[in-house]
Asker: 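Here's a structure for you.
Whatever order the structure lists ligands and atoms in, that order sets their numbers, starting from 1. All values below were derived from every heavy atom in this structure, side-chain atoms included, with hydrogens, water molecules and symmetry-related copies excluded. The first residue of the sequence shown is numbered 1, and numbering continues consecutively from there.
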Amino acid sequence: MLVLGFNGSPRKGFATQSLVEKVLQGAEQKGAETKLINLSKSNIAACIGCLACRKDGVCSIKDDMTDIIADIKTADAIVIGSPVYMMQMTSQTKAFVDRLFPLLKPDFTSNVKEGTKAQLVFTQGQPPESFRTYFDYTESMFKFFGFATQKTFAVGNTRAKGDLDKQEDAIQQAVEIGSNLV
Ligand SMILES: Cc1cc2nc3c(=O)[nH]c(=O)nc-3n(C[C@H](O)[C@H](O)[C@H](O)COP(=O)(O)O)c2cc1C
């Protein structure tokens with residue numbers, strides 16, 4: 001069982017990375033192998049709209065997304081974490097999501113292994129439920145990709161380093177969410 005975690009925050013070691021790590025920790029406790037990928041440290045170019053993936057299913061850009069797509073196809077679950085920036089995911093996360101287009105075959109059926117789970121987690125300055133409409137919308141996109149998409153988990157009031165550590169309930173929930181992925 002392989003669970004991949006993606007940190008869409010440019011701030012390494014801050015709330016979003018910690019939150020993704022807590023979810024991965026829960027999965028590890030159930031025996032899963034896990035891997036964390038920091039999107040802002042990865043070489044992920046923006047989609048150029050060439051539509052090569054619509055013809056032969058393969059992206060024309062050769063960068064870190066080549067291996068990431070291959071890893072996602074073998075994973076049993078993925079965890080995508082992003083801070084809320086301007087009421088949405090960060091640009092690093094959005095570039096990654098756009099480049100997931102090859103997960104859809106030319107006929108728009110899914111290339112994702114059946115049953116692969118997707119768990120979205122967000123951190124934000126505002127209280128946790130402030131952006132639920134956006135989270136639901138984003139979940140529907142991951143369903144369209146073919147993932148068994150779980151309910152998004154959001155943690156609020158995380159501005160400074162260490163703000164997540166003060167929220168023991170949220171940390172506990174994140175670990176449980178991770179263990180339920182396995
Ligand atoms: C450019 C920018 C835009 C932000 N926009 C929002 C926002 O719209 N709503 C919100 O609640 N928090 C917003 N925040 C706060 C972050 O979502 C919050 O501090 C988050 O936990 C940061 O994650 P990190 O510590 O992992 O980097 C914003 C922060 C930045 C830097």
Asker: Looking only at side-chain N and O atoms, does Ser82 offer a donor or acceptor that is under 3.5 Å from a partner on Thr93?
Answerer: yes
Asker: Applying salt bridge (charged side-chain N to carboxylate O under 4.0 Å, His left out), name anything that partners Lys94, two or more places apart in sequence or on another chain.
Answerer: Asp98
Asker: Report the residue from Tyr134, Tyr137, Phe122 that forms a side-chain contact (heavy atoms from CB on, under 4.5 Å) with Gln88.
Answerer: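 Among Tyr134, Tyr137, Phe122, the one that satisfies the side-chain contact (heavy atoms from CB on, under 4.5 Å) with Gln88 is Tyr134.
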Asker: Of the protein's non-hydrogen atoms, which lies at the shortest distance from atom 22 (C) of ligand 1, and what is that distance?
Answerer: Pro83 CB, 3.6 Å
Asker: Looking only at protein heavy atoms, identify the closest one to atom 6 (C) of ligand 1 and say how far it is in Å.
Answerer: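 Among all protein heavy atoms, the one nearest atom 6 (C) of ligand 1 is Val84 O, 3.2 Å.
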Asker: Atoms of ligand 1 less than 4.0 Å from Arg11 heavy atoms?
Answerer: 22 (C), 24 (P), 25 (O), 27 (O)
Asker: Which residue owns the protein heavy atom closest to atom 9 (N) of ligand 1, what's the atom, and how far is it?
Answerer: Phe131 CZ, 3.4 Å
Asker: Kindly confirm or rule out a cation-pi arrangement of Arg159 over Phe14, judged by NZ or CZ under 6.0 Å from the six-membered ring centre and within 45° of its axis?
Answerer: no
Asker: Distance to 0.1 Å, residue and atom name: give those for the protein heavy atom nearest to atom 11 (O) of ligand 1.
Answerer: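 Ranking protein heavy atoms by distance from atom 11 (O) of ligand 1, first comes Gln126 N, 2.8 Å.
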Asker: Minimum heavy-atom separation for Pro102 and Asn111, please, with both atom names.
Answerer: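 Shortest heavy-atom separation between Pro102 and Asn111 comes out as O-ND2, 2.9 Å.
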Asker: Using a 4.0 Å cutoff against the non-hydrogen atoms of Met87, which atoms of ligand 1 qualify?
Answerer: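 Numbered from 1, ligand 1 contributes 7 (C), 8 (O).
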Asker: For atom 5 (N) of ligand 1, grab the closest protein heavy atom and report residue, atom and distance to one decimal in Å.
Answerer: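 Protein heavy atom with the smallest distance to atom 5 (N) of ligand 1: Met86 N, 2.9 Å.
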Asker: Taking distance alone, with no angle check, do Gly125 and ligand 1 share an N/O pair under 3.5 Å?
Answerer: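 Between Gly125 and ligand 1 (N or O atoms, distance only) the closest approach is under 3.5 Å.
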Asker: Identify the closest protein heavy atom to atom 19 (O) of ligand 1: which residue and atom is it, and at what distance?
Answerer: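 Checking every protein heavy atom, the shortest distance to atom 19 (O) of ligand 1 gives Thr158 O, 2.5 Å.
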Asker: Counting from 1, what ligand 1 atoms have a heavy atom of Thr16 closer than 4.0 Å?
Answerer: 23 (O), 24 (P), 26 (O)
Asker: Is the closest heavy atom of Phe122 to ligand 1 under 4.0 Å?
Answerer: no
Asker: May I ask you to check if ligand 1 and Ser9 share an N or O to N or O distance below 3.5 Å?
Answerer: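 Checking ligand 1 against Ser9, an N or O pair does fall under 3.5 Å apart.
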Asker: Please list the nearest protein heavy atom to atom 20 (C) of ligand 1 with its residue and the distance rounded to 0.1 Å.
Answerer: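 Protein heavy atom at minimum distance: Thr123 OG1, 3.2 Å.
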Asker: Ignoring hydrogens and geometry beyond distance, is a side-chain donor-acceptor pair present between Thr34 and Glu28 at under 3.5 Å?
Answerer: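 Per modelled atom types, Thr34 and Glu28 side chains form a pair under 3.5 Å.
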Asker: Hydrogens and angles aside, do Gln25 and Glu21 bring a side-chain donor and acceptor to less than 3.5 Å of each other?
Answerer: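 Side chains of Gln25 and Glu21: no pair found under 3.5 Å.
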Asker: Answer yes if the side chains of Glu139 and Thr152 hold a donor-acceptor pair under 3.5 Å, and no otherwise.
Answerer: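 Indeed, the side chains of Glu139 and Thr152 share at least one donor-acceptor pair under 3.5 Å.
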Asker: Could you check atom 2 (C) of ligand 1 against the protein and tell me its nearest heavy-atom contact, residue, atom and distance included?
Answerer: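 Sorting protein heavy atoms by distance from atom 2 (C) of ligand 1 puts Tyr85 CD1, 3.6 Å first.
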Asker: Could you tell me which atoms of ligand 1, counted from 1 in the order shown, lie closer than 4.0 angstrom to a heavy atom of Arg159?
Answerer: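 By the 4.0 Å cutoff, the relevant atoms are 19 (O).
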Asker: For a quick test of reading the model, state the closest non-hydrogen atom pair linking Leu164 to Ser18 and the distance between them.
Answerer: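 Shortest heavy-atom separation between Leu164 and Ser18 comes out as CD2-CB, 3.5 Å.
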Asker: Asp64: which residues meet the salt bridge (charged side-chain N to carboxylate O under 4.0 Å, His left out) condition with it, sequence neighbours left out?
Answerer: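 None.
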